[in-house]
Protein chains: 2
Amino acid sequence: MADRGAGAGRTGLPASIEAAWGLRERPAKGPKPGLSLDRIVGAAVAIAAEEGLPAVSMGRVAKALGVSTMSLYRYVAAKDELYVLMQEAALGPPPPAPRDADWREALTAWARAQREVLLSHLWALRIPVSGPPATPNMVAWWEQGLVALETTGLDDGAKISVILLVSGFVRSEATMMAELDTAVRAGGTPEEFMARHQNTLARLADPDRYPSVARLLGSGVMTQPDEPGYEFAFGLERILDGVAVLIEGRRADGEG
Amino acid sequence: MADRGAGAGRTGLPASIEAAWGLRERPAKGPKPGLSLDRIVGAAVAIAAEEGLPAVSMGRVAKALGVSTMSLYRYVAAKDELYVLMQEAALGPPPPAPRDADWREALTAWARAQREVLLSHLWALRIPVSGPPATPNMVAWWEQGLVALETTGLDDGAKISVILLVSGFVRSEATMMAELDTAVRAGGTPEEFMARHQNTLARLADPDRYPSVARLLGSGVMTQPDEPGYEFAFGLERILDGVAVLIEGRRADGEG
DNA sequence: GCAGTAACGCGTATGCCATACGCAGTACTG
DNA sequence: CAGTACTGCGTATGGCATACGCGTTACTGC
């Protein structure tokens, strides 16, 4: 299955990705498959959720399913494909968009929803990316982002740019949270971690070479972690303010 | 050396990272080291630059230096440490800040410089991150970012947030460029790649379920890639517009 | 109903990888 | 000149993705 280069859809995509789009006919010949992509991906996701992405190996997934390692390769041509499918599964479909929301409310909801998904699947952020994965849920999220910008009067190019900007931000912020999370798992509370880090820096960074950093370290701003999600809210507001400037500017142009 | 838990600096950091801060005394006893951290990191960086990060293995680096694999472990306790040092080497010190620039010009220059560094060391973006690496060049970049915001009247917390926001954006945009780059290496021009991708999506994405995406695909916006750096310039302008709104708002508060 | 065939599960093997361990040699200390 | 701490490195372990080929199975067309 997985090694069939051109599937029913003739998309040139790996067969397993085609399957994500629902383009699989049950092959006419051969024994009934004892496994399914869904079960494989499910097992892989479960392992990632419990023990982190590095724990996901082909052997480990196979063991969880009670089959041999090599069986998996009948369903997935390579581990990268499994990664893509895991990502798609973690992403899930976007929640329904809020009704009667202006673009800013809609985009805020969209960003928040995306963040929640990422935070509850931190392992997904560790998957090395290799290109725009054109999977159904991914496209559904784009769709919803585009819809949110429908009323802004921005041209198509600008809409894409805004969406890339916002989702890039969400991803980047979530990644920082993930780092903090692993650091915390390694030992201690976030506060302790920040304090330790601040301490180290204070000892290492020469105040003459790095005066501003040194002042900052001295002021203790780094020590108290802000309420959860503050960094996210801050960044999102800045970005949306910037987008608003753009929208109003174009609107003014149009009216002028 | 590398396995000495607490070094001269007593920072609790790995010895090789302490070395990056210049905290190494040549140990009194034992044979003269035939290697140096600099040479090891240099070799690793060279391999990464030519063949990509996955080509960097301990064995490969050792071979490039004409030593045995295990020798490297006298200088570096684990591969992750090598990664951190590679990142630090790739980053380099920030270029001198422009003179007589307002905060916006300064931050723009800062972001652009950061982007250039990342684009000329795309492999560095593939290094799995694990926490805030407190290395000298890293701190130097923060320092410069903070200095750029000196005149804004923002409080320390906000300055940090802005810097995190901007550098997160730069990183995220550069990562997308890196993805495009590997896709292009795999075959064809960026145009071909975009066209192929657009084609695939057009075939897969049901216009009923994804109307906005479908319209976008039909309009051909995705086919023509914009001039290089457009996405970056767009995103940065939006973010800085948003930051400007914040700064002016606080200024107005102060005056009112 | 039977031969052909394609897809199945999987045992085995290859060639990577990071790295633990211990040994022999070396340059310094007292 | 003995002791010692550090060097380079050979060997070994255990993990990894995955190529290959074999026996088996369930369907097809005759």
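Every chain is numbered from 1, with letters handed out A, B, ... down the list of sequences.
What separates CG of A:L72 from P of C:dC10 is a distance of 10 Å, to the nearest Å. Atom C1' of nucleotide C:dC8 and atom CG of A:L65 are separated by 16 Å, given to the nearest angstrom. Between B:Y75 atom OH and D:dC9 atom C1' there is a gap of 12 Å when expressed in whole angstrom units. As a whole-Å value, the separation of A:R39 CZ from C:dG9 P is 10 Å. Summarising the geometry, the separation between NZ on A:K29 and C1' on C:dA7 is reported as 10 Å, rounded to the nearest angstrom.
In this structure, A:A28 and B:L35 both approach DNA chain D, and ranking their closest nucleotides by distance from the 5' end singles out B:L35.
Formation of a donor-acceptor pair under 3.5 Å by the B:Y210 side chain with backbone atoms of A:V139 is not found in this model.
Pairs engaging residues 56-70 of chain A under the salt bridge (Lys or Arg N to Asp or Glu O under 4.0 Å) rule: A:E51-A:R60 [sequence neighbours left out]. Sorted by first then second residue, the ring pair (Phe, Tyr, Trp, His ring centres under 6.0 Å) pairs that include residues 165-201 of chain B, not counting sequence neighbours, are B:F169-B:F232.
No hydrogens or angles considered: nothing links the side chains of B:T175 and B:S172 as a donor-acceptor pair under 3.5 Å.
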Dump the pairs, protein N or O against N or O of nucleotides 16-26 of chain C, anything under 3.5 Å, distances to one decimal.
residue, atom, partner, partner atom, Å
C:dC17, OP1, B:S57, OG, 3.2
C:dA18, OP1, B:M58, N, 3.4
C:dA18, OP1, B:K79, NZ, 2.9
C:dA18, OP2, B:M58, N, 3.0
C:dT19, OP2, B:Y73, OH, 3.0
C:dT19, OP2, B:K79, N, 3.0

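Every side-chain contact (heavy atoms from CB on, under 4.5 Å) that B:A44 has, sequence neighbours left out, goes to B:V56, B:V61, B:L82, B:M86. Residues forming a salt bridge (Lys or Arg N to Asp or Glu O under 4.0 Å) with A:D38 (at least two apart in sequence, or on another chain): none. For B:E173, the side chain to side chain donor-acceptor pair (under 3.5 Å) criterion is met by B:R115, not counting sequence neighbours. For B:A174, the side-chain contact (heavy atoms from CB on, under 4.5 Å) test picks out B:L118, B:L119, B:L125, with sequence neighbours left out. A:P128 pairs by the side-chain contact (heavy atoms from CB on, under 4.5 Å) definition with A:Y83, not counting sequence neighbours.
Between B:S71 and the phosphate of D:dC9, there is a side-chain N or O to OP1/OP2 separation shorter than 4.0 Å.
Of all nucleotides listed (D:dC6, C:dC10, C:dC8), C:dC8 comes nearest to the side chain of A:P33.
A rotation axis mapping the C1' atoms of four pairs onto the next four is fitted at both ends of the helix from C:dG1-D:dC30 to C:dG30-D:dC1 over five pairs, and the angle between these axes is 10° to 10 degrees.
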